[in-house]
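Heads up: the structure comes next, in structure tokens.
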Number of protein chains: 2
Amino acid sequence: MTKDSLLPLLTAHVLAHGLGGASLRPLAKAAGTSDRMLIYHFGTKEALIVDLLGYIAKVYAAALDAAMGSERAATRADVVARILAHGDAPAMQPFMRLWWEIVAGAARDLPGYQIAAQTMMAELLGWLEGQMPAGDPDPQGGARYLMTVIEGTAMLTAVGHGDTAQQGLLAGGLLPS
Amino acid sequence: MTKDSLLPLLTAHVLAHGLGGASLRPLAKAAGTSDRMLIYHFGTKEALIVDLLGYIAKVYAAALDAAMGSERAATRADVVARILAHGDAPAMQPFMRLWWEIVAGAARDLPGYQIAAQTMMAELLGWLEGQMPAGDPDPQGGARYLMTVIEGTAMLTAVGHGDTAQQGLLAGGLLPS
DNA sequence: AAGTTCACGTAGCAGTCGCTACATATCAGG
DNA sequence: CCTGATATGTAGCGACTGCTACGTGAACTT
């Protein structure tokens, strides 16, 4: 029972039940240990959360790499459509729910949240740059532009305004019609 | 001591200390009452939160109306610049921090969160529609497009990727250069 | 004047929180 | 064989959680 064998189990519990309300005893049960042992390994609940966020960021990076198709999209709209489909996949939804908790924690400057969120966004940006269509006039700037649009769409979707975002993407020429 | 006189004080406390970790006794102290009385008035903590979210949505609507300048912007980029400046104002930052908690709650389907978030986004959309430049070819779609971009920028700013979003807006022609 | 409802204080319930003290059990190195 | 570090279980601490039981003045109704 090392830290590294604990982190995947803790991640699974947090994906299912959330990060903000997580407490040591349920976390320990999910990981097959006791709260006593979690403190033994991580020292503090806060340190556990920080370690866990770092691990989740690495898992997210690996998931993005795995989802990276080798063929490039033909247009920016195709890039947007591809990544939105990826985010809408049922397998991604527990992660999406967790993501907004991470954003909320980052906005409140809780330890570890900012770094984890920045790591994941930097990873997404790199992925997007690699996905930009060949011959795009401004791949760097375009990737940043698409990331902004994509995250706005994700947020509006989370609060039930997904259709509004879709209409916006259409009006902006960012969805294949 | 009625509900309506309590809600502004509760809102102030929640803006300062967050919504997720709020518990009855600190809330009561901030409102000058006891936890006993909060339960007396609202019945349940959950009902209190739902009422509070509804009230906060109304406060947000009023704040938007008050911030609505009478003169229209000349370009879409000016609309974006104006509302981003509004969101970056120091007075708005406690609300922004709260906003991400609301989004996280909506993503987890906590009672009241979705409705409050939808109300606020609908209000913002209406405001944007009224702000679109005269002669804009597609005010409805354009407003939805700008809202998506603006919310994406807000999220990236919250996690410390504000500069990335700025570069994206520039590349998308959505910031006055 | 009697009865009813409202508004509020005090005290406390059962449960959970993060964390600790203490006792072991296991196992490698001298 | 002894010793020290690593690992784990049991019990519990004090603080806090949402919430309730109970009592009491004040106001309003009939």
Side-chain angles (χ1 to χ4, degrees), chain A residues 1-56 98 101-102 104-106 108-113 115-116, chain B residues 1-56 98 101-102 104-106 108-113 115-116:
Chain A
M1 274 294 165
T2 107
K3 264 192 193 189
D4 300 317
S5 74
L6 254 14
L7 284 172
L9 302 168
L10 296 175
T11 300
H13 179 262
V14 153
L15 279 174
H17 299 91
L19 191 48
S23 53
L24 286 181
R25 274 173 261 251
L27 279 172
K29 179 180 284 186
T33 352
S34 62
D35 57 333
R36 168 74 183 76
M37 279 296 106
L38 291 183
I39 295 296
Y40 175 74
H41 285 301
F42 296 93
T44 285
K45 186 194 178 184
E46 180 179 304
L48 184 154
I49 298 294
V50 172
D51 276 18
L52 187 53
L53 285 169
Y55 176 77
I56 289 171
L98 186 62
E101 277 192 85
I102 295 175
R108 287 217 180 262
D109 253 324
L110 304 186
Y113 283 73
I115 292 172
Chain B
M1 272 295 164
T2 105
K3 265 193 193 189
D4 299 316
S5 74
L6 254 14
L7 285 172
L9 302 167
L10 296 174
T11 300
H13 180 262
V14 154
L15 279 173
H17 300 90
L19 191 48
S23 52
L24 286 182
R25 274 174 263 251
L27 279 171
K29 178 180 285 187
T33 350
S34 62
D35 56 332
R36 169 73 183 76
M37 277 295 107
L38 291 184
I39 296 297
Y40 174 75
H41 284 300
F42 295 94
T44 285
K45 185 194 179 182
E46 180 179 306
L48 184 154
I49 297 293
V50 172
D51 276 17
L52 188 53
L53 286 169
Y55 176 77
I56 289 171
L98 186 61
E101 277 192 87
I102 295 175
R108 287 217 180 262
D109 254 323
L110 305 186
Y113 283 73
I115 292 172

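By convention in this document, chain letters (A, B, ...) are assigned in the order of the sequence lines, proteins followed by strands, and residues within each chain are numbered from 1. Any value given below was found using the heavy atoms of this structure, including those in side chains, with hydrogens, waters and symmetry copies removed. From a predicted model like this one, the values you see are computed outputs, not experimental measurements.
- Out of D:dT8, D:dC19, C:dG9, the shortest distance to the side chain of A:Arg36 is found at D:dT8.
- Residues A:Leu98 and B:Arg108 have side chains in contact (heavy-atom distance under 4.5 Å, counting atoms from C-beta outward).
- Within residues 18-34 of chain B, the residues approaching DNA chain D are B:Ala22, B:Ser23, B:Leu24, B:Arg25, by heavy-atom distance under 4.0 Å.
- Minimum interatomic distance between B:Ala22 and B:Leu27 (heavy atoms only, all atoms of both residues): CB-CD1, 4.1 Å.
- Counting only heavy atoms from C-beta outward, the side chains of B:Lys29 and B:His13 never approach each other to under 4.5 Å.
- Considering only residues two or more places apart in sequence or on other chains, B:Arg25 meets the salt bridge (Lys or Arg N to Asp or Glu O under 4.0 Å) condition with B:Asp35.
- As a whole-Å value, the separation of B:Asp35 CG from C:dG12 P is 15 Å.
- Residues A:Tyr113 and A:Val50 form no side-chain contact, since every pair of their non-hydrogen atoms from C-beta on lies 4.5 Å or further apart.
- If you check residues 38-55 of chain A against DNA chain D, the residues with a heavy atom closer than 4.0 Å are A:Tyr40, A:His41, listed by number.
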Apply side-chain contact (heavy atoms from CB on, under 4.5 Å) to the pair B:Phe42 and B:Leu10, showing each step before the final yes or no.
CA-CA 12 Å; B:Phe42 295 94; B:Leu10 296 174; 4.2 Å; yes
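- Between the side chain of B:Glu101 and the main chain of B:Leu19, a donor-acceptor pair closer than 3.5 Å is present.
- Shortest non-hydrogen contact noted between A:Leu24 and A:Leu38 is O-CD1, 3.7 Å.
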